[in-house]
Amino acid sequence: MAITAIKGCNDILPGESSRWHYIEAAARRVFERYGFSEIRVPVMEKTELFCRSIGDATDIVEKEMYSFTDRGGTNVTLRPEGTASVMRALIEHKLYAQDPVARLYYLGPMFRYERPQKGRYRQFHQIGAEMTGVHDPLADAQILTMLVGFFREIGLDEPRLEVNSLGCPDCRPAYRSTLVDFLRHRTGVLCDDCCRRLDSNPLRILDCKVPGCIESTRGAPSVLDHLCAGCADHFGHVRRYLEISATPYSVNCRMVRGLDYYTRTTFEVVTSLLGSQSAVAAGGRYDGLISQLGGPSIPGIGFAMGVERVALLLKEQDYSSRPDLFMATMGACERDAAFRLMNELAASGVHVEMDYEGKSLKSQMRRADKLGARFSVVIGAAELESGHAIFKRMDDGSTIEAPLSAERIRLLLR
RNA sequence: GUGGCUAUGGUGAAGCGGUCAACACUUACGACUGUGACUCGUACAUACGAGGGUUCGAAUCCCUCUAGCCACCCCA
């Protein structure tokens with residue numbers, strides 16, 4: 001039996017990689033337009049980084065990390081998300097000292113030991129962005145408009161933006177106990193999971209999909225009614241900025257986050273087209289994270305999107321480039337000439353194809369058609385002799401005669 | 001970690017105990033020894049996820065394992 005890939009780790013084959021390029025290029029374009037720069041961080045970090053940032057009691061840290069001890073005895077982990085590494089780098093290189101406002105984006109593989117299913121894999125890919133150093137809700141709004149801008153850029157309007165505020169360490173505990181008090185009276189109708197969550201993560205009950213739980217939480221107190229003055233004001237401004245920028249959104253006061261470091265604004269870009277994985281992108285504000293990791297007390301906000309999930313939403317169209325010209329050759333001498341021409345053209349930015357193995361003219365033309373070449377040209381003894389050839393436009397069959405020089409061909413193809 | 005479903009060639013798939021494992025696509029070559037798309041012809045699974053078993057005989061029945069998918073959990 002031949003060796004196969006590890007469960008949940010996928011190959012991105014040529015037919016699909018063009019779609020990935022399309023997504024990645026759009027993200028870079030949009031993010032840089034908003035002043036963000038790429039940061040590249042290792043895929044491996046000391047395990048402690050994730051325990052301290054994501055939270056010891058979260059599912060990710062408790063049971064989903066790929067952790068091991070390396071040969072030097074260091075406890076390392078394949079990153080399950082990107083924010084922790086980026087913040088670690090920010091602190092380590094004191095990026096905040098050069099510019100109090102850091103705007104960074106990253107992309108690459110993440111690893112989580114989960115049972116694979118639609119839109120969820122063990123090695124998956126995220127594109128994320130982080131902005132640190134700004135308390136003002138304008139930062140939140142900027143991150144959100146950029147995220148929405150990205151989805152517009154790639155031509156997707158189905159995903160909807162949902163926002164919420166989770167409060168801060170000052171007001172969240174109070175809300176949490178208010179919620180628990182409310183739910184205590186209804187433990188009979190809550191599902192088993194939710195009864196368990198009552199202690200571990202009561203906010204999560206609001207997001208349960210079991211009909212009984214949805215019913216029993218109908219009149220539950222909303223976080224938004226229990227925000228402290230500061231958080232309420234902040235959230236109000238975020239909403240105002242979204243309205244000013246004409247960014248469509250809805251408030252979902254039941255949205256919760258799986259990572260511990262979020263404060264105040266949280267958001268998700270959701271879709272109903274991905275089976276049970278509704279979140280295409282998600283993020284929020286993390287004002288305490290940087291100091292928690294040993295850095296200065298500066299705020300931050302960011303998001304990550306799942307590339308696989310975005311790719312799933314994109315139509316099955318082909319994003320790969322089509323050849324500009326296919327050169328069919330009749331013999332060995334002609335192949336020599338075509339080969340020289342092909343390299344000259346490629347060097348000047350033209351996508352040219354030719355046959356490599358002396359196939360029949362018919363096969364060569366079939367291949368030109370299959371590759372979707374815009375033009376084809378047949379090069380034989382007569383063409384070499386005269387230095388001119390007939391170029392055929394493949395979509396309508398029309399022809400045009402032109403000299404066989406890289407310079408002239410480039411003009412013709414333009 | 002739990003549950004359900006499925007496993008036939010490069011792909012999508014017929015086949016439901018008995019001649020050489022349909023058909024379609026893809027690929028290769030050809031139908032005028034210099035021109036594609038349509039059409040036509042020819043070729044392409046010592047093989048039915050792996051290993052056992054039942055049977056005169058199994059891709060077809062039984063068992064085990066493995067893998068994939070989807071869902072739960074959780075999440076991007």
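All chains are named by letter (A, B, ...) in the order of the sequence lines, taking the proteins before the strands, and each is independently numbered beginning at 1.
Rounded to the nearest Å, the gap between the C1' atom of B:U2 and that of B:C20 is 47 Å. Across B:C25 and B:A13, the matching C1' atoms stand 10 Å from one another, rounded to whole Å. As rounded to the nearest Å, B:C63 and B:G4 have P atoms that lie 15 Å from one another. Taking atom P in both B:A47 and B:A22, the straight-line distance is 15 Å, to the nearest Å. Straight-line distance between the P atoms of B:G57 and B:G52: roughly 16 Å, to the nearest whole Å. Here, B:U60 and B:U6 have their P atoms 15 Å apart, quoted to the whole Å. On the C1' atoms, B:G68 is 26 Å away from B:U27, given to the nearest whole Å. B:C61 and B:A45 are spaced 24 Å apart, taking the C1' atom of each and rounding to whole Å.
Below the 3.5 angstrom threshold, one finds a donor paired with an acceptor across the side chain of A:Arg366 and the base of B:G30. Put simply, the side chain of A:Glu64 and the base of B:G1 share no donor and acceptor less than 3.5 Å apart. Side-chain atoms of A:Arg309 come within donor-acceptor range of the base of B:C75, with a qualifying N/O pair under 3.5 Å. The base of B:G36 is paired with the side chain of A:Lys392 by a donor and an acceptor separated by under 3.5 Å.
Side-chain contact check for A:Glu130 and A:Thr83: at least one donor-acceptor pair (N or O, by modelled atom type) lies under 3.5 Å. Using modelled atom types and a 3.5 Å distance limit, the side chains of A:Arg367 and A:Gln364 yield no donor-acceptor pair.
The shortest distance between side-chain heavy atoms of A:Ile127 and A:Glu24 falls below 4.5 Å.
Not one side-chain nitrogen or oxygen of A:Ser360 sits closer than 4.0 Å to the OP1 or OP2 atom of B:C29. Between A:Thr4 and B:A67 there is no side-chain polar atom (N or O) within less than 4.0 angstrom of OP1 or OP2. Residue A:Lys63 has no polar side-chain atom (N or O) positioned under 4.0 Å from OP1 or OP2 of B:C74. Remark: A:Gln117 is in phosphate contact with B:A71, judged by side-chain N or O atoms under 4.0 Å from OP1 or OP2. For the OP1/OP2 pair of B:C73 and a distance below 4.0 Å, the side-chain nitrogens and oxygens of A:Arg115 include no atom meeting the criterion. Between A:Lys370 and B:U27 there is a side-chain N or O to OP1 or OP2 distance below 4.0 Å.
Between A:Glu153 and A:Arg33 there is a salt bridge, with a side-chain nitrogen of the basic residue lying less than 4.0 Å from a carboxylate oxygen of the acidic one. A salt bridge links A:Lys359 with A:Glu357: at least one charged nitrogen is closer than 4.0 Å to a carboxylate oxygen.
The residue A:Ala368 sits apart from the nucleic acid: no heavy atom pair falls under 4.0 Å. Residue A:Val378 is classed as a base contact, given a heavy-atom separation below 4.0 Å to a base. A:Gly119 comes within 4.0 angstrom of a nucleotide base, judged by non-hydrogen atoms across all strands. Here A:Ala382 lies in heavy-atom contact (under 4.0 Å) with a base. No contact: A:Ala328 has no heavy atom under 4.0 Å from any strand. A:Glu383 comes within 4.0 angstrom of a nucleotide base, judged by non-hydrogen atoms across all strands. A:Tyr121 comes within 4.0 angstrom of a base, heavy atoms only.
Remark on RNA chain B: of its neighbouring residues A:Met365 and A:Leu259, the 5'-side contact belongs to A:Met365, judged by nearest-heavy-atom nucleotide. Sequence order on RNA chain B of the closest nucleotides to A:Lys118 and A:Asp395 puts A:Asp395 first from the 5' end.
Separating the CZ atom of A:Arg122 from the P atom of B:C74 is a distance of 18 Å, rounded to the nearest angstrom. To the nearest angstrom, C1' of B:C75 lies 14 Å from CE of A:Met110. For the pair A:Phe124 CZ and B:A76 P, the interatomic distance rounds to 8 Å; values are reported in whole Å. Computed from coordinates, the A:Arg120 CZ to B:C73 P distance equals 10 Å when rounded to whole Å. B:A76 atom P lies 11 Å from atom CE of A:Met255, rounded to whole Å. Look at CG on A:Asn10: it is 12 Å from C1' on B:C69, rounded to the nearest Å. Rounded to whole Å, the distance from NZ on A:Lys362 to P on B:C32 is 9 Å. Atoms CG (A:Leu361) and P (B:A31) sit 12 Å apart, rounded to a whole Å.
Distances from the side chain of A:Asp59 to the nucleotides B:G34, B:A76, B:C74 place B:C74 closest.
In this structure, A:Arg103 is not positioned above the aromatic face of A:Tyr34 in the sense of NZ or CZ being under 6.0 Å from the six-membered ring centre and within 45° of the axis. By the 6.0 Å and 45° rule, A:Arg19 does not stack over the aromatic ring of A:Tyr319.
Considering only residues two or more places apart in sequence or on other chains, A:Tyr286 meets the ring pair (Phe, Tyr, Trp, His ring centres under 6.0 Å) condition with A:Tyr261.
A:Thr47 places a side-chain N or O within donor-acceptor distance of the main-chain N or O of A:Val76, the cut-off being under 3.5 Å. At distances below 3.5 Å, at least one donor-acceptor pair connects side-chain atoms of A:Arg52 with backbone N or O atoms of A:Gln292.
Pairing analysis of RNA chain B (Watson-Crick: purine N1 to pyrimidine N3 plus N6-O4 or O6-N4; G-U wobble: N1-O2 and O6-N3; both under 3.5 Å) yields stems of 3 or more pairs at B:1-7 with B:66-72, B:10-12 with B:23-25, B:27-31 with B:39-43, B:49-53 with B:61-65.
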